[in-house]
Chemist: 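Here's a structure for you.
The sequence lines fix the lettering, A, B, ..., with proteins before strands; numbering per chain opens at 1. What's counted below: heavy atoms across the whole structure, side chains too, no hydrogens, waters or symmetry copies.
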Amino acid sequence: MNKKITKFEQEVYEACSRIPLGRVSTYKDIAVYIKRPSSARAVGNALNRNPYAPKVPCHRVVRSDGSLGGFALGSLKKEFLLSHEGLKILKGKIRDFKQSRYSFE
DNA sequence: GTGTTGACCACAG
DNA sequence: GCTGTGGCCAACA
C-alpha cells in the first residue's frame, strides 16, 4: 500500500494538500517551501506522475504568472475545478491571481 | 553513468 | 504582447 517515493515528492504532495480551498499556489512557491527554490520543474514533474492523484488538490497549483500551466487530466478539468472553488478564470489565467495566491508559512 | 524529457522560471529581443 | 534561449531539478530509458 505504501508507495515508495522520494522525500522530494512527499514534500510536494504535502504542500499541495496545505493549500486551502479557494486559493492557489505556484510551482515556484512549493519549490521554495520544500527547500528547492530552483526546482519548480521537478515539482511539476512530481505532480504529473501524481501517485496521490485524488488525494491531493494538485489543480490548485498554477504557474508563476497565474496561468494554469498543465494538468494530467486535462487543462480544461483544472480550469473547471478552480472555477468551482470560487476562483475566476480569465483567458486561461487566474483573475486576481495575486490575491488568490496562497503562501506557505 | 549518460542523455532525454517534463504540469517550470527568468531574461533578452 | 509573444517567441526564443539558458538554466534548474528529479525521474526514466
Side-chain angles (χ1 to χ4, degrees):
Chain A
M1 69 169 248
N2 210 9
K3 296 195 188 268
K4 297 170 184 171
I5 59 177
T6 65
K7 213 162 192 174
F8 179 81
E9 292 182 331
Q10 291 182 25
E11 295 286 87
V12 173
Y13 307 130
E14 186 186 312
C16 283
S17 57
R18 282 191 173 208
I19 304 172
L21 197 151
R23 298 277 165 129
V24 291
S25 188
T26 71
Y27 301 100
K28 188 72 170 294
D29 284 352
I30 292 177
V32 171
Y33 172 68
I34 66 179
K35 307 302 188 298
R36 257 68 172 183
S38 47
S39 61
R41 208 173 197 177
V43 172
N45 242 337
L47 293 175
N48 182 19
R49 296 153 187 283
N50 202 357
Y52 283 79
K55 299 189 159 200
V56 168
C58 27
H59 59 268
R60 288 182 197 149
V61 185
V62 297
R63 287 178 57 154
S64 302
D65 60 353
S67 59
L68 299 182
F71 195 54
L73 305 179
S75 52
L76 293 176
K77 190 79 176 176
K78 187 168 185 174
E79 183 176 328
F80 177 77
L81 289 169
L82 289 171
S83 304
H84 249 253
E85 295 192 356
L87 293 167
K88 312 289 196 209
I89 310 301
L90 188 66
K91 295 183 223 135
K93 295 196 176 187
I94 309 288
R95 192 169 80 133
D96 298 326
F97 163 64
K98 213 170 179 179
Q99 300 173 38
S100 304
R101 181 175 172 220
Y102 173 77
S103 301
F104 301 100
E105 307 179 45

Chemist: What is the distance, rounded to the nearest whole Å, between atom CG of N48(A) and atom P of dC12(C)?
Modeler: 11 Å
Chemist: Ring-plane angle category for H84(A) and F80(A), please: parallel below 30°, perpendicular beyond 60°, tilted otherwise.
Modeler: tilted
Chemist: Would you tabulate the side-chain donor-acceptor contacts of residues 34-47 of chain A under 3.5 Å, counting partners in other chains and residues two or more places apart, or write 'none'?
Modeler:
unit_1, atom_1, unit_2, atom_2, d
K35(A), NZ, Y33(A), O, 3.4
S39(A), OG, R36(A), O, 2.8

Chemist: Between C1' on dC9(C) and OH on Y27(A), what's the gap in Å once rounded to a whole number?
Modeler: 15 Å
Chemist: State whether the side chain of K77(A) and the backbone N or O of F71(A) hold a donor-acceptor pair below 3.5 Å, judged by distance alone.
Modeler: no
Chemist: It should be established whether R41(A) places a side-chain nitrogen or oxygen under 4.0 Å from OP1 or OP2 of nucleotide dA11(C).
Modeler: no
Chemist: Using a strict 4.0 Å threshold on nitrogen-to-oxygen distance, state whether E11(A) and K7(A) make a salt bridge.
Modeler: no
Chemist: R63(A) has an atom CZ; how far is it from atom P of dA10(B), in whole Å?
Modeler: 10 Å
Chemist: Give one of base, sugar-phosphate or nothing for D65(A), where a contact means two heavy atoms less than 4.0 Å apart.
Modeler: nothing
Chemist: Could you report the tightest heavy-atom contact between I19(A) and S25(A), atom names first, then the distance?
Modeler: CD1-CB, 3.5 Å
Chemist: Can you tell me how far P of dC8(B) sits from CZ of F71(A), to the nearest Å?
Modeler: 13 Å
Chemist: Is the distance from OP1 or OP2 of dC8(C) to the nearest side-chain N or O of K28(A) less than 4.0 Å?
Modeler: no
Chemist: Starting the side chain at C-beta, find the nucleotide from dC9(B), dA10(C), dA11(C) nearest to R36(A).
Modeler: dA10(C)
Chemist: Output the rounded distance in Å from CD1 (I30(A)) to P (dC9(B)).
Modeler: 11 Å
Chemist: Report the nucleotide, chosen from dA10(C), dC9(B), dA7(B), that has the shortest atom-to-atom distance to any side-chain atom of F8(A).
Modeler: dA10(C)
Chemist: How is T6(A) classified with respect to the nucleic acid when contacts are heavy atoms under 4.0 Å: base, sugar-phosphate, or nothing?
Modeler: sugar-phosphate
Chemist: Can you see if the side chain of R49(A) gets near the phosphate of dA11(C) - specifically, an N or O under 4.0 Å from OP1 or OP2?
Modeler: no
Chemist: Does A40(A) reach a base, just sugar-phosphate, or nothing at all? Heavy atoms under 4.0 Å.
Modeler: sugar-phosphate
Chemist: Using atom CG of D29(A) as one end and atom C1' of dA7(B) as the other, report the distance to the nearest whole Å.
Modeler: 15 Å
Chemist: Expressed in angstrom and rounded to an integer, what is the separation of E11(A) atom CD from dC9(C) atom C1'?
Modeler: 15 Å
Chemist: Counting just side-chain N and O atoms, does N45(A) come under 4.0 Å of either OP1 or OP2 of dG6(B)?
Modeler: no
Chemist: Assign each of K93(A) and A42(A) to its nearest nucleotide of DNA chain C by heavy atoms, then name whichever residue's nucleotide is nearer the 5' end.
Modeler: K93(A)
Chemist: For the side chain of S38(A), counting heavy atoms from C-beta on, which of dC9(C), dC9(B), dA7(B) is nearest?
Modeler: dC9(C)
Chemist: Roughly, in whole Å, what's the span from CZ in R101(A) to P in dC9(B)?
Modeler: 10 Å
